[in-house]
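Reading through the structure tokens given below for one structure.
Below, chains carry the letters A, B, ... as their sequence lines are ordered, and counting in each starts from 1. Hydrogens, waters and symmetry mates are skipped; everything else that's a heavy atom, side chains included, is used.
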Amino acid sequence: MVQHTLRDMFSSYVQKQGAFKDKNVLSHNYVPDVTFHREQQTKALAEILSPVLRGLEVSNCFLYGKTGTGKTVVAMNVTSELERTAKSVGKNLKVLYVNCKMKRVSDTEYRLLAELCRMLGREVPPTGLPTDAVYAMFYEAVESVGGSVMLVLDEIDALVSKIGDEILYNLTRMNQRLAGTKVSMIGISNSVSFIEALDPRVKSALSEEEIIFQPYNSMQLKDILTQRADLAFAPSAIKPGVIEKCAALAAQEHGDARKALDLLRIAGEIAERNGSPAVGIEHVDIAEDKLDTDRMVEIVRSQPKQSLAVLAAVIKLIDSKREGIQTGDVFTLYAEMCSRAGLKVLTQRRTSDLIAELDMLGVITTSVISKGRYGRTREIRMVLPPPVIEKIRSILRESYLL
DNA sequence: AGTCCACAGGAAGGGCAGGCGA
DNA sequence: TCGCCTGCCCTTCCTGTGGACT
């Protein structure tokens, strides 16, 4: 009988392990070896970069497409394979990958250069040196590599919108200054229009070659999810229709593979927490709600106090069941709430901008209407689902605004 | 047709924090 | 360390506007 209870224990333990085999496979950082439906882009990039294996100069290249369309994965796969091959044929190749959006690591000219220096084994103090000194160190470090250096700048649009395109201009001109080492750049951007806004010299240098990443459709997302799910979940831990549902939901939203994987991961976590052995469609539904709610809560939480005060005034007016809430009403209540809370009262002009910003973030919905004799104003509504509004309320309460 | 309301939203500039460079 | 620069938030001042009312 002892045998029996042990077996029960173990099998219930196995069941408690839940659906996951390796959750890491679904995380944003995981780079799969196989990239589905990106063969064309992979091949194109490989062809552009392969001259490096003969020690020849390589064109700069620009990859663009929306979030979750596989740009980073393709770039990483191709460059790491290239690095491996170069090593095996005795060529010097160093690939430097930087995500330019990393706060406090690579979001200024100095930090980015310092980070690149560090990757090449040169320690740079986090602050203190003049930027041209860091440039000099970087040039010297690159020179010492002595073969080819490939810079992969991910989210390059974020960098440029923050610090301008001069750094790109300097980087694209490195080859003219260096004798021993050839430098090439791969820029990755979510925004297609970004390149149009660049200095023409940078633009022509950076976009010698361009590769476009179209959004995935739901069939393609399904393939991607199936492959990842095989690695991430225990066998038969996913009920029929789950993958299709995740794929369809993500396809609706500009074919974002990252969102599809998030949905699957969160659905898996929910199933695990509920103690169910397999992920079902009902878990995906909850996951979708959770993803939307989390996103909105994150947006609201990151708002400055004044913006939250305006939002609090809007919610209070909605609570009092007023129809047709307009800017003037919000401003009056906002001013009153601020003076009660000891907060500085901003002008109506500024409040009007804050309302417009909240609208842009999707927290509230507004439309400019004219009430004839009674003026022209914004009519403000809230169309978020009640659970999300409830969460927002609790954030406002935490900040003593409600 | 003209008036007028209640704002929208553009332009310019002040003030401040934080980063940069000597 | 300290002046300088930059970007951001905000104010002030302003013109523009759709349609009910006269």
Side-chain angles (χ1 to χ4, degrees), chain A residues 98 100-118 122-139 155-171 191 194 197-199 299-314 317-318 322-339 341-382 399 401:
Chain A
V98 188
C100 304
K101 225 178 174 176
M102 292 275 277
K103 284 226 161 72
R104 316 218 162 271
V105 175
S106 51
D107 56 349
T108 69
E109 190 174 18
Y110 185 102
R111 284 175 182 155
L112 176 63
L113 288 169
E115 180 64 17
L116 291 171
C117 284
R118 249 170 253 136
R122 300 282 194 290
E123 271 314 308
V124 179
T127 173
L129 295 181
T131 307
D132 46 352
V134 190
Y135 265 111
M137 278 178 84
F138 177 57
Y139 290 149
E155 312 230 32
I156 196 171
D157 43 338
L159 179 76
V160 170
S161 72
K162 186 138 190 256
I163 62 173
D165 53 11
E166 202 174 300
I167 182 165
L168 295 184
Y169 179 69
N170 292 334
L171 291 176
S191 144
F194 148 80
L198 289 178
D199 185 299
I299 288 174
V300 170
R301 216 182 270 284
S302 65
Q303 290 309 299
K305 194 117 186 176
Q306 291 289 354
S307 191
L308 291 181
V310 171
L311 183 57
V314 171
L317 285 168
I318 285 172
R322 288 272 313 277
E323 288 293 312
I325 298 165
Q326 56 190 61
T327 307
D329 306 331
V330 175
F331 177 68
T332 312
L333 183 57
Y334 151 83
E336 193 186 301
M337 287 166 78
C338 278
S339 28
L343 213 63
K344 195 185 163 209
V345 182
L346 302 180
T347 55
Q348 173 150 346
R349 176 72 188 83
R350 180 64 189 142
T351 311
S352 163
D353 276 346
L354 291 177
I355 291 171
E357 281 167 29
L358 287 171
D359 181 25
M360 238 176 52
L361 292 168
V363 183
I364 58 177
T365 310
T366 74
S367 40
V368 177
I369 56 157
S370 176
K371 308 206 309 178
R373 181 76 173 72
Y374 304 101
R376 199 165 161 265
T377 182
R378 262 202 200 92
E379 198 169 78
I380 301 161
R381 278 154 294 131
M382 259 191 128
S399 318
L401 288 168

Any donor-acceptor pair under 3.5 Å linking the side-chain atoms of A:K371 with those of A:Q326?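 Yes - a donor-acceptor pair under 3.5 Å links their side chains.
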
When the distance from [atom1] of [X] to [atom2] of [N] is rounded to whole Å, what number comes out?
| X | N | atom1 | atom2 | result |
| --- | --- | --- | --- | --- |
| A:Q348 | B:dA6 | CD | P | 11 Å |
| A:L358 | B:dA8 | CG | P | 13 Å |
| A:L346 | B:dG15 | CG | P | 17 Å |
| A:E379 | B:dC5 | CD | P | 21 Å |
| A:I369 | C:dT17 | CD1 | P | 18 Å |
| A:R350 | C:dC14 | CZ | P | 21 Å |
| A:K344 | C:dT11 | NZ | C1' | 8 Å |
| A:R376 | C:dG16 | CZ | C1' | 8 Å |

Any A:T347 side-chain nitrogen or oxygen under 4.0 Å from OP1 or OP2 of C:dT11: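 For C:dT11, OP1/OP2 do have a side-chain N/O of A:T347 under 4.0 Å.
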
Notebook entry, point to check: Looking at residues 324-337 of chain A, who's got a heavy atom less than 4.0 Å off DNA chain C?
Noted result: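 Result for residues 324-337 of chain A: none.
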
ask   = Who passes side-chain hydrogen bond (donor to acceptor under 3.5 Å, both in side chains) against A:R373, sequence neighbours left out?
value =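 side-chain hydrogen bond (donor to acceptor under 3.5 Å, both in side chains) list for A:R373, sorted by chain: empty.
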
- If each of A:R378 and A:Y374 is mapped to the nucleotide of DNA chain B with the nearest heavy atom, which maps nearer the 5' terminus, i.e. the 5' end?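 Of the two residues, A:Y374 wins.
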
task = Tell me which nucleotide among C:dA20, C:dT12, B:dC7 gets nearest to the side chain of A:R373.
result =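 For A:R373, the side-chain atoms sit closest to C:dA20.
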
**Prompt:** So, A:R350 and A:E357, do they make that salt bridge, N to O below 4.0 Å?
**Reply:**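 Yes, this pair counts.
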
